[in-house]
Amino acid sequence: MSKTQTVKGTREFYPEEMALRNYLYEKVRAASQAFGYQEWDGPFIETIDLYAAKSGEELVKKQSFVFEDRGGDLVTLRPELTPSLARMIAAKQNELTYPVRWWSFGPFWRYEQPQKGRAREFFQWNIDMLGVNSPEADAELIAVAAAFLRSVKLDPQRAVIYVNNRRLMDSQFDALGIPVEKRLEVSNLVDRRSKMDSAKWDAYALESGLMQKQLDGLKALLGDFDLWKKSDELTRLFAALEALGVKEYVKFDPNIMRGLLYYTGTVFEAFDTSGSLKRAILGGGRYDNLLADVGGQPLSGVGFAMGDVVIGIILQEAGLLPEFKPSPASVMVTVFDESLWMKSYALASELRRAGLNTVVYPEPAKLPKQFKFADKMKMRVALVIGPDEAEKEQVVVKDLSNGSQQTVQKERLLDVIQKILASL
RNA sequence: GUGCCUGUAGCUCAACGGCAGAGCGCCACACUGUGGAUGUGGAUGUUGUGGGUUCGAAACCCAUCAGGCACCCCA
């Protein structure tokens, strides 16, 4: 072990991990762009004040990396993106073209206890639509999430997006006579239910001030998976999801509450149903009042976020990651001996100019060693220029996937290589 | 920030308080014009770190760091 350790909860991306990160980025971009969303980003460092307004005390006081800069101002590594989004939208509120559809994929930091699925430094996909307040807009965001899940080959049996609606739950809480000031506590109670055994949970609920009748009502509520039919918003949402072709990924669940204060309508969370992780893959919902806190006019939005850590573990455990290819080059030119060294270098250069990613062995070495290297780097084609070939302007082309090889004239070389690369 | 568990070779793990080991991987050779397979040989290390107990510590105790599980929160 080296003497200096990494900072707790940070992550080192060796080429294999970097490939996974780029794979996620690629799929995130594809899903976002398929629905016409524009890529954007905010600063990685913000003032602490930006988050003080709306993010919730927990996030600001306990989970942010806060520093005093050299000028004495308190700054923080961004723990989430939504406040930056709100400010940037507010700053150009009257010149943007609505609806705004924006997505982003970048680093975030939270000072948390690292464990499986949670790091202090992570990458997060954020995607939002602003300026339209409708269940159909909510459905579009859920459809983007489903499109992503589909694109990484997580099928609806494996990944489910659970949906609920804050307004629906509020009206149900009203009916039970649960006062507004108790809502947050009840929300937390609901969030906790799956983690406690039911007798304990009952006792805990009563202890927190619910009457027995309210508790019974609450339990009936949380077990009612047809409750969505009472909500016009959710009825429209599910109709839209069906039209968008993603209905099989989505289920109504009255137990989905979500802790963040700013959600006002539809809320949703995606989970892996069969893996070892019980953490949300992604989560989001509708928010209505975000811009007011940064000085903008009221503007409604809907969006969600997905961290790279949980989805990465799930895809790995499910065996859904594409095979890691160490070298971005598929072609390697061997160096036969010192006298032919520069011939190999020249050939490699020619191939690169023709658009082929090409590795050339950096020194003369025994051929077995060079071939072993090409094999380990999972390259597809190895080229040899020995004395015989050099004399006749030929090159030996070996297909490393099956061991077959042929000697070709240099003019035909590109064609032959390209044919091999094109075949599976 | 709190509680519990774990930390030994690159990886997965073993070793009763008594000489630190195995499998896989790695390197070399068999193979001086050809990778994967096979065989032979080789190197694995301040037992996370620092202290203590003991004739003797990888093991027991304390501290510390890191990881995991739960709480909290959440992507």
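Computed from heavy atoms alone, side chains included, the values below leave out hydrogens, waters and symmetry copies. First the proteins, then the strands, lettered A, B, ... as listed; each starts at 1.
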So what does A/Gly9 touch, heavy atoms closer than 4.0 Å: a base, only the sugar-phosphate, or nothing?
sugar-phosphate
Students often get this wrong, so: under 4.0 angstrom with heavy atoms, is A/Ala270 touching a base, only sugar-phosphate, or nothing?
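Answer is nothing: A/Ala270 stays at 4.0 Å or more from every strand.
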I'd like to know if A/Arg29 pairs up with A/Glu39 as an ion pair, taking the criterion as any Lys NZ or Arg NE/NH1/NH2 lying under 4.0 Å from an Asp or Glu carboxylate oxygen.
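A/Glu39 and A/Arg29: salt-bridged.
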If the threshold is 4.0 Å, N to carboxylate O, is there a salt bridge linking A/Glu121 and A/Arg110?
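No salt bridge links A/Glu121 with A/Arg110.
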Quick test: give all pairs of protein nitrogen or oxygen and nucleotides 35-38 of chain B nitrogen or oxygen below 3.5 Å, distance rounded to 0.1 Å.
| from | atom 1 | to | atom 2 | distance (Å) |
| --- | --- | --- | --- | --- |
| B/G35 | O2' | A/Asp375 | OD2 | 3.3 |
| B/G35 | N7 | A/Lys398 | NZ | 3.0 |
| B/G35 | O6 | A/Gly403 | N | 3.0 |
| B/G35 | N1 | A/Leu400 | O | 2.3 |
| B/G35 | N2 | A/Asp375 | OD1 | 2.9 |
| B/G35 | N2 | A/Leu400 | O | 2.5 |
| B/G35 | N3 | A/Asp375 | OD1 | 3.4 |
| B/G36 | O4' | A/Asp375 | OD2 | 3.3 |

Would you say the side-chain atoms of A/Trp109 and A/Ser64 include a donor-acceptor pair closer than 3.5 Å?
no
Polar contact flag, side-chain donor to acceptor under 3.5 angstrom, A/Ser171-A/Arg167
no
Atom [atom1] of [X] to atom [atom2] of [N]: distance rounded to whole Å?
X: A/Asn188; N: B/C72; atom1: CG; atom2: P; value: 9 Å
X: A/Ile281; N: B/A75; atom1: CD1; atom2: C1'; value: 11 Å
X: A/Arg120; N: B/C72; atom1: CZ; atom2: P; value: 18 Å
X: A/Tyr204; N: B/C72; atom1: OH; atom2: C1'; value: 11 Å
X: A/Glu389; N: B/U34; atom1: CD; atom2: P; value: 12 Å
X: A/Arg192; N: B/C74; atom1: CZ; atom2: P; value: 11 Å
X: A/Leu189; N: B/C73; atom1: CG; atom2: P; value: 12 Å

Ring centres of A/Phe123 and A/Phe108 under 6.0 Å apart?
no
Extract the stems that RNA chain B is part of, considering only consecutive pairing runs of at least three Watson-Crick or G-U wobble pairs, both distances under 3.5 Å.
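Stems for RNA chain B, defined as runs of 3 or more consecutive pairs: B:1-7 with B:65-71, B:10-13 with B:21-24, B:26-30 with B:38-42, B:48-52 with B:60-64.
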From B/U34, B/C29, B/G1, pick the nucleotide closest to the side chain of A/Val396?
B/U34
Heavy-atom neighbours of A/Glu391 CD exceed 12 at 6.0 Å:
no
Can the positive tip of A/Arg286 be found less than 6.0 Å from the middle of the six-membered ring of A/Tyr263, inside 45° of the ring normal?
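No; the conditions do not both hold, so A/Arg286 does not lie above the ring face of A/Tyr263.
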B/C73 OP1/OP2 closer than 4.0 Å to side-chain N/O of A/Arg279:
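Result: no.
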